[in-house]
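Letters go in sequence order (proteins before strands), and every chain restarts at 1. Keep in mind that what you see is a predicted model, and the values were worked out from it rather than measured.
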Amino acid sequence: MRIATWNVNSVKARLPRVLEWLKEAQPDVVLLQELKCMEDAFPLLEIGDLGYNAAVSGQKTYNGVAILSKTPMEIDLRALPGDPEDEQARYVEAVVSGKKKGSRPVRVASIYLPNGNPIEDAGGPSAKFAYKLRWLERLIPHARALLKTEDAFVLGGDYNVCPTDDDVYDPAAWRNDALCRPESRTRFRELVYLGLTDAIHALHPEPHHYTYWDYQAGAWPKDQGLRIDHLLLSPQAADRLTASGIDKGPRGKEKASDHTPVWCELEDK
DNA sequence: ATGTCGCGTGAAACGCGA
């Protein structure tokens with residue numbers, strides 16, 4: 001079972017790119033972020049024509065996440081637990097059926113973690129950075145609860161966290177960015193250290209594999225990127241991990257998203 | 001040194017978020 005994650009930066013503006021990539025890459029499950037539309041504006045028909053079911057948590061203008069699956073799925077959560085006041089569409093979780101008869105289902109979540117920049121405003125800590133850190137702090141107990149179920153699961157998405165200096169082209173320049181701050185990194189590490197496997201890092205430990213390149217300053221042609229899109233696997237999913245990769249193709253196309261898809265392959269046993 | 005997108009508003013250019 002191939003599971004991919006992709007921050008598309010507007011599913012409407014990106015629709016031709018998304019459809020062509022789905023046809024070419026043939027993922028079984030796709031976790032999408034930054035839909036930038038309400039649920040009723042999600043292109044269900046076009047994506048459904050390619051054989052996908054969709055679970056969407058949308059919002060006007062900003063955020064928005066979805067799960068696409070070729071097999072049937074059961075939606076479990078449309079928001080990350082822990083703050084009923086949080087109205088931003090950044091989390092959706094579902095259980096997708098296995099591909100073959102008798103194969104085990106996999107729980108997946110599509111995550112769009114807050115960016116958190118700027119880290120300060122008017123000299124003090126910013127509300128945006130605090131929201132990002134709180135969001136990470138809510139994700140940790142939720143992951144801990146999921147681990148207790150001993151289900152195979154994949155928490156994938158745009159984490160807006162660059163885990164180490166090896167994951168950014170110029171660590172010094174990004175030192176005070178919310179994506180690279182130690183406060184973000186310690187919380188991300190705490191999440192991973194619960195016992196999750198970073199599907200890219202586990203199989204491709206070399207430094208400087210990126211998933212995001214800013215639109216500005218020719219970052220893409222110069223390969224000045226960051227690794228901020230992650231697939232975090234439970235032990236039961238990691239046991240089935242046979243391959244993973246970053247598909248840089250879509251980033252080089254016309255009208256590209258600033259992120260490119262990241263995928264992993266789970267043995268269907 | 002700078003360089004970009006996408007959205008909403010409201011009718012063109014701007015503010016916001018990234």
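Considering only side-chain N and O atoms, Lys60(A) lies under 4.0 angstrom from the phosphate OP1 or OP2 of dT9(B). For dC7(B), one of the phosphate oxygens OP1 or OP2 lies less than 4.0 angstrom from a side-chain nitrogen or oxygen of Ser10(A). Contact between the side-chain N/O atoms of Lys255(A) and the OP1/OP2 oxygens of dG6(B) is found at a separation under 4.0 Å.
In this entry the distance linking CE of Met38(A) with C1' of dC7(B) reads 14 Å, nearest Å. In this structure, Arg90(A) places its CZ atom 10 Å from C1' of dA18(B), rounding to the nearest Å. Nucleotide dC7(B) holds its P atom 11 Å from the OH atom of Tyr62(A), rounded to whole Å. Glu34(A) places its CD atom 11 Å from the C1' atom of dC7(B), with the value rounded to the nearest Å.
Figure legend: cation-pi geometry between Arg90(A) and Tyr112(A), with NZ or CZ positioned under 6.0 Å from the six-membered ring centre and within 45° of its axis.
When heavy atoms are screened at a 4.0 angstrom cut-off, Tyr212(A) is found touching no nucleic acid atom at all.
dA11(B) and dC7(B): their C1' atoms are spaced 16 Å apart (whole Å).
With hydrogens and angles ignored, the 3.5 Å screen pairs no side-chain donor or acceptor of Lys70(A) with any backbone N or O of Gln26(A).
Taking the six-membered ring where tryptophan is involved, the planes of Tyr212(A) and His259(A) are tilted, since the angle between them lies from 30° to 60°.
Contact annotation: the side chain of Trp213(A) never approaches that of Lys222(A) to less than 4.5 Å [non-hydrogen atoms, C-beta and beyond].
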